[in-house]
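All values reported here derive from a predicted model rather than from experimental measurement. The sequence lines fix the lettering, A, B, ..., with proteins before strands; numbering per chain opens at 1.
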Amino acid sequence: MAAKNEARAPRLRIWLAAAVVTALICWVCPPFHVKRLARLADRSAGAATGAFDAKAVAAAIWREKLPHAASVATDVGIVAAALRTDPERAKEKLGRVAGVGSAYFFVRGRGHIVSKERSRLIVAIDGTAGETVALRIGPVFGNIVRDGCGLLNLDSFPGLSEYNAISAELNALIETEVLPPARQKAQVGGALVFAGCAEAPDAAPESGEPAMTIVPVQLHCE
Amino acid sequence: MEGCDPPKSAGSVSAASGGITYNASISGSIAPVSRYFILFHRESKVYGVARRGISDLCPTSQRSNKTGKTAGNSGRFSATDVLSWPPSVRQIAIDPADDSYPPQAERESEASNFSPYCLRPAPSTSMSRRIASSFIAGFCLLFCLSARLPAADAAPSSQRVAVVVSTLNNPWFVVLAEAARDRARELGYEATIFDSQNDPAKESANFDNIIASHYRAVLFNCTDAKGSIANVRRAKAADIPVFCMDREIEANDAAAAQVLSDNYSGCVRLGEYFVDQVGETGKYIELLGLVADTNTWNRSKGFHSVVDRFPGLKMVAQQSADFDRSKALEVVDSLLQRNPDIDAVFCGNDAMAMGAYQALFAAGKASKVKVFGFDGSDDAVKAVAEGKIAATVMQFPKTIARTAAEYSDRYLRGERTFPQRVLVKVELVTSENVRHYGDYGRKK
């Protein structure tokens, strides 16, 4: 009997050691995890704080950030010349990429009105050899100013709907505050100072055509 | 006589070569040497080997075998007897110092009767040790097979990527799904397409499958901008990053990234072209897509941001056809009954545009009513070239899909900084430039 017990003791120790080793392995490297199901509340950014106020956001950018950004925008003559020679390089060096495939310029300059059309002014840029750009004075559509000014980050908005609403409000501000005086005062031959955003063209502008079409955020006819 | 490996024991053991060899015994107690035989010994004397459960095969033991039965006969076996034992016969270890067994006279006289047989490659360890060792080894192996390797260290070929698409009924989504799958495969992953059939419940089941099957990433085209958020969060909680394609989910903290078309800008351009083609006065119908899809509303708002500026352009009806061609045909057919004098139809996608064209053709109005679509699908581009449809907007499903697949690859290699939303530029396709487009993109 004693011999039997003696024989069992080593076996028990071995099993105990195996169990301890197994437990240690499971502790260090567990084969599975148990997780509680989290409550699936709606966590969309901005949802808890109520409706998104695109008007207020656009007004704040217009008033507080855009004037300084316009004052340091790239000279329009430089961009126009670059577009004529190498549009891709111009986009890369002077433009602002937004997403995949889109690029914009934020430019400033002064010039003289060459022609006045229903929805645009053709302006010869001062200090260039007859380089021209078009300034939009008709209805403003799209995301050119929103994406061209570089003052907004899509990731800080709840979604695309809200982000697109900013465009609509910025466009409305341009149409109410910038364009009416310009339409009234602009005359062929008159001088003007401007700043605005333009979408980068896919190809070099054709000879004789304006280098780009600019949506002005500032436009003063002198 | 077989050469042998001596049993591991206290004392030395030597092999025999005919005659008697006296070997040191295994000290200790009753110890099973194999699953078949038990060596009986006591006080450094081995008295014999007994097969488990069978006590009479082996030489004498005046001790009981394990079963408690008295061992067989008293002890002498001829060489023939021993040789007839099964191969797993164990050696009888005899203590040369022990005069009690076998008696010296017998040892000498019966020298030829005993032929030492080596222990078979009996394990030096006991049964329980073997069992314990096997268990631990098996567990470790099982763990190693099931453990996940760190993402940065795992080779792509061992990882799977799921492509979940809202429906494969629409050729545009087929292109999206296949482009995502193919790019994932090019990057070295196994990729599988899951069709949600425009059904949120089916989409949830797809995610259940993906999570349970330990896919490493999901390239996702959702069915519902709000309803699909829960599925994305579940995948995220399971450490599976989700990259949305084409359709947005209305959450900023669920998906790893969302690669979307700039639908609003595209429909602004389409709206400007609409006014250019239709004029500043006229009547039109709008066909909306799935109301739960943010693309529906982004496109509609972009279009209306332009067209609504012209009071002479009146929208006489606006109805959803769920991005479906057949439904669009039925809806337009019905609306034409009430509004026979429309000038244009604006459709939220090309499938609906083709359905609208079919309805107009059947009503004999195809040449009078202009149809506008969105997507840039092959049949719509051909229809634009043929003058059946006025314009569409080329999304680039292959660019969207490839970008999402590449993001997932970068993520699985350790990168974590991705913009939440990436907008892919879209392009207006009209009769003037349609020659540059085809196969869901720009022609090379």
For the atom pair [atom1] ([X]) and [atom2] ([Y]), what is the distance rounded to the nearest 0.5 Å?
| X | Y | atom1 | atom2 | answer |
| --- | --- | --- | --- | --- |
| Lys301(B) | Ser161(A) | NZ | OG | 4.5 Å |
| Tyr264(B) | Phe141(A) | OH | CZ | 9.5 Å |
| Asn298(B) | Tyr163(A) | CG | OH | 13.0 Å |

Can you tell me if [X] has over 12 outside heavy atoms packed within less than 6.0 Å of its [atom1]?
| X | atom1 | value |
| --- | --- | --- |
| Gln184(A) | CD | no |
| Arg89(A) | CZ | no |
| Glu206(A) | CD | no |

Heavy-atom pairs under 4.5 Å with chain B: which of Asp202(A), Val140(A), Asn171(A), Asn164(A) has the most?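 Answer, by heavy-atom pair count under 4.5 Å with chain B: Asn164(A).
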Counting heavy-atom pairs closer than 4.5 Å to chain B, which one of Gly101(A), Ser167(A), Ala19(A) comes out on top?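 The residue among Gly101(A), Ser167(A), Ala19(A) with the greatest pair count is Gly101(A).
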So which atom in [X] and which in [Y] form the shortest heavy-atom distance, rounded to 0.1 Å?
| X | Y | answer |
| --- | --- | --- |
| Gly142(A) | Val268(B) | N-CG1, 3.7 Å |
| Phe157(A) | Asn252(B) | O-ND2, 2.8 Å |
| Pro419(B) | Asp155(A) | CA-OD2, 3.3 Å |

Which atoms of Asp262(B) approach chain A - backbone, side chain, both or neither, heavy atom under 4.5 Å: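 Looking at Asp262(B), just its side chain touches chain A.
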Less than 4.5 Å to any heavy atom of chain A: does that hold for the side chain of Leu260(B), its backbone, both, or neither?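 Only the side chain of Leu260(B) comes within 4.5 Å of chain A.
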For chain B, find its close neighbours in residues 147-154 of chain A: heavy-atom separation under 4.5 Å, sorted by number, or none.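 Counting heavy atoms that sit under 4.5 Å from chain B, the residues of residues 147-154 of chain A involved are Leu154(A).
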Given a strict heavy-atom distance threshold of 4.5 Å, which part of Glu199(A) is in contact with chain B: side chain, backbone, both, or neither?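 Side chain only.
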Heavy-atom side-chain contact between Leu160(A) and Arg421(B) under 4.5 Å: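 With C-beta onward as the side chain, the pair touches.
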With chain A as the partner, which of Lys425(B), Gln420(B), Gln258(B) has the greatest number of non-hydrogen pairs under 4.5 Å?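 Among the listed options, the one with the most contacts to chain A is Lys425(B).
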